[in-house]
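None of the values given here were measured: they were computed from a predicted structure.
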Amino acid sequence: MPEGPEIRRAADQLEEAIVGKPLTEVWFAFPELKTYEPALLGEQVNAIETRGKALLTHFSNGLTLYSHNQLYGVWRVVESDNVPETKRQLRVRLAVADRAILLYSASDIELLNAESLAAHPFLNRVGPDVLDPQLDVATVRERLLSPRFRRRQFSGLLLDQAFLAGLGNYLRVEILWQAGLLAQHRAQALTDEQLDTLSEALLAIPRHSYRMRGTMKKYHHGAAFRFEVFHRQGKKCRRCGEIIQKGTLSSRPFYWCPGCQH
């Protein structure tokens, strides 16, 4: 399942295609949304925001389209006159003069005004997004030590969107390797140095993954993103030389180095 960096990159592609241009076509599959089509025609998309794995498409008239891809939803960018052949069910089509963005297969879709957006249960439940430039290391450290999270094992905490939105399984294992910690550790038992290292990794790893577009072949200031433990079971750890192990935690595959994570 895509994690925060992949969701944000998808949002970037949607923004590039449609933001700031008058909408020439607005189509929703769900009857309860179709009444909004005339009100949105001719308006513009101002921005597409991510909150973890949810997308918020903000229109110039103050409405916001909330969508969560869950397991099967996917956005596509096409030429405005293109109708792709697919077995997927089209849910949303927003077109401008030259491009259209299409949402397939998703079922969690709503149109919200400012009041319902502020009261939305999912958005109120998720924590700050790891890719939000306003989120800093000090705030992450504070969340780690808060009464709500400090007793939680990292195995579950780093998948909990209420802690930090946008984290997922590959980020979980890479962050813990970077911090030299095991999944069963809890924030309340860490030293100040360990807390600092983990807090920094919780932001640095997702942001580096986003900048590198999820590939090992592209570079940003000379540094490539590469997996250090994820899908590297049986290979040597690049930091200490021990053999990377694979297990299962929280019903997800988990990878770690027994040599330098302790």
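Of all the heavy atoms in E43 and S60, the pair that sits closest is OE1-OG, 2.5 Å. Of all non-hydrogen atoms in T50 and A11, the two that sit nearest each other are CG2-CB, 3.8 Å. Scanning all heavy atoms of the two residues, the minimum distance from R207 to L135 falls at NH2-O, 2.9 Å. Of all non-hydrogen atoms in A162 and R148, the two that sit nearest each other are CB-NH2, 3.4 Å. The two atoms that bring C237 and R232 nearest to each other are CA-NH1, 4.4 Å, heavy atoms only. The minimum heavy-atom distance between A106 and N69, with the atom names listed, is CB-CA, 4.4 Å.
Partners of D108 by side-chain contact (heavy atoms from CB on, under 4.5 Å), not counting sequence neighbours, listed by chain and number: Y66, H68, Q70, E110. Qualifying side-chain contact (heavy atoms from CB on, under 4.5 Å) partners for S250, counting only residues two or more places apart in sequence or in other chains: S155, L159, R172. Not a single side-chain contact (heavy atoms from CB on, under 4.5 Å) links A204 to another residue, sequence neighbours left out. Shown here are the side-chain contact (heavy atoms from CB on, under 4.5 Å) partners of T191, two or more places apart in sequence or in another chain: E193, Q194.
Residue E32 places its CD atom among more than 12 non-hydrogen atoms of other residues, nucleotides or ligands, all under 6.0 Å distant.
With hydrogens and angles disregarded, no donor-acceptor distance shorter than 3.5 Å links the side chain of R8 to the backbone of L131. Formation of a donor-acceptor pair under 3.5 Å by the E6 side chain with backbone atoms of E3 is found in this model. For the pair E142 (side chain) and A138 (backbone), a donor-acceptor distance under 3.5 Å is absent. Counting only distance, with no hydrogens or angles, the side chain of Q89 and the backbone of Y104 share no donor-acceptor pair below 3.5 Å. The closest donor-acceptor contact from the side chain of N82 to the backbone of V78 lies at 3.5 Å or more, if one exists at all. Looking at E174, its side chain does come within 3.5 Å of a backbone N or O of V229 through a donor-acceptor pair. The main-chain N or O of P253 is found under 3.5 Å from a side-chain atom of N169 such that the two form a donor-acceptor pair. Side-chain atoms of E49 never come within 3.5 Å of backbone atoms of L55 as a donor-acceptor pair (strictly under, hydrogens ignored). No donor-acceptor pair closer than 3.5 Å links the side chain of R211 to the backbone N or O of P206. No donor-acceptor distance shorter than 3.5 angstrom exists from the side chain of S209 to the backbone of I205, with no hydrogens or angles considered.
For the atom pair CZ (R141) and CG (L198), the distance works out to 10.0 Å, reported to the nearest 0.5 Å. Interatomic distance, R51 CZ to H120 NE2, rounded to the nearest 0.5 Å: 10.5 Å. The distance from atom SG of C257 to atom CD of E228, rounded to the nearest 0.5 Å, is 10.5 Å. Summarising the geometry, atom CD1 belonging to I175 is positioned 9.5 Å from atom CD belonging to Q178; distances are rounded to the nearest 0.5 Å. Atom CZ of R238 and atom CD of E242 lie 16.0 Å apart (nearest 0.5 Å). The distance from the CZ atom of F30 to the OG1 atom of T35 is 14.0 Å, given to the nearest 0.5 Å.
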| query | Yes or no on side-chain contact (heavy atoms from CB on, under 4.5 Å) for L157 and F149, after CA distance, side-chain angles and deciding distance? | reply | CA-CA 7 Å; L157 181 65; F149 299 123; 3.5 Å; yes
| request: Could you give me the CA-CA distance, side-chain angles and deciding distance for S105 and R88, then say whether side chain to side chain donor-acceptor pair (under 3.5 Å) is met? | output: CA-CA 6 Å; S105 305; R88 289 180 174 271; 3.1 Å; yes
| Residues F254, T248; criterion side-chain contact (heavy atoms from CB on, under 4.5 Å); working and verdict | CA-CA 5 Å; F254 186 79; T248 302; over 6 Å; no
| request: Begin with the C-alpha distance, continue with both residues' side-chain angles, and end with the deciding distance and a verdict on side chain to side chain donor-acceptor pair (under 3.5 Å) for D136 and T139. | output: CA-CA 6 Å; D136 58 19; T139 303; 2.6 Å; yes
| How far apart are the C-alpha atoms of L112 and L63, what are their side-chain angles, what is the distance that settles it, and do they pass the side-chain contact (heavy atoms from CB on, under 4.5 Å) test? | CA-CA 6 Å; L112 309 170; L63 291 176; over 6 Å; no
| task | Go through the steps to decide whether L40 and L111 satisfy the test side-chain contact (heavy atoms from CB on, under 4.5 Å), and finish with yes or no. | result | CA-CA 11 Å; L40 291 171; L111 266 166; 4.2 Å; yes
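Neither V126 nor L203 shares a network with the other; the hydrophobic side chains, linked directly or stepwise wherever heavy atoms of I, L, V, M, F, W or Y lie under 4.5 Å apart, form separate groups for each. Taking hydrophobic clusters as Ile, Leu, Val, Met, Phe, Trp and Tyr residues chained together by side-chain heavy-atom distances below 4.5 Å, L23 shares a cluster with V77. Cluster membership check: F122 does not share its hydrophobic cluster with L164, using side-chain heavy-atom separations under 4.5 Å among Ile, Leu, Val, Met, Phe, Trp and Tyr. W75 and Y210 end up in different hydrophobic clusters when Ile, Leu, Val, Met, Phe, Trp and Tyr side chains are linked at under 4.5 Å. When hydrophobic clusters are built by joining Ile, Leu, Val, Met, Phe, Trp and Tyr residues whose side-chain heavy atoms come closer than 4.5 Å, directly or via intermediates, L94 is grouped together with V96.
For the pair R239 and W177, the cation-pi criterion (under 6.0 Å, within 45° of the ring axis) is fulfilled.
Using a 4.5 Å heavy-atom threshold, the side chains of F227 and Y170 count as touching. No side-chain heavy atom of L56 sits less than 4.5 Å from a side-chain heavy atom of I48. Here the side chains of N46 and F59 are not in contact, with every heavy-atom distance at 4.5 Å or above. For the pair Q245/Y255, no side-chain contact is recorded, criterion being any heavy-atom separation below 4.5 Å from C-beta on. The shortest side-chain heavy-atom distance between L171 and L158 does not fall under the 4.5 Å cut-off. Looking at V19 and Q44, their side chains never come closer than 4.5 Å, going by heavy atoms from C-beta outward. Side-chain contact between T64 and T57 is absent, with no heavy-atom pair separated by less than 4.5 Å. For the pair L102/V74, no side-chain contact is recorded, criterion being any heavy-atom separation below 4.5 Å from C-beta on.
Checked for salt-bridge contact, E25 and R93 meet the test: a charged N lies under 4.0 Å from a carboxylate O. In summary, K34 and E37 engage in a salt bridge, as defined by a charged side-chain N under 4.0 Å from a carboxylate O. Look at D160 and R152 and you find a salt bridge, because one of the NZ, NE, NH1 or NH2 atoms lies within 4.0 Å of a carboxylate O, short of that distance.
Only one option out of V45, L65, L117 pairs with H58 in a side chain to side chain contact (heavy atoms under 4.5 Å, CB included); it is L117.
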Show me, pair by pair, the donor-acceptor contacts under 3.5 angstrom made by side chains of residues 179-189, not counting sequence neighbours?
unit_1 : atom_1 : unit_2 : atom_2 : d
H185   : ND1    : L182   : N      : 3.3
R186   : NE     : R151   : O      : 2.7

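Using a 4.5 Å cut-off between side-chain heavy atoms of Ile, Leu, Val, Met, Phe, Trp and Tyr, I243 forms no hydrophobic cluster with any other residue.
The six-membered or imidazole ring of F28 lies away from that of Y36, with a centre-to-centre distance of 6.0 Å or more.
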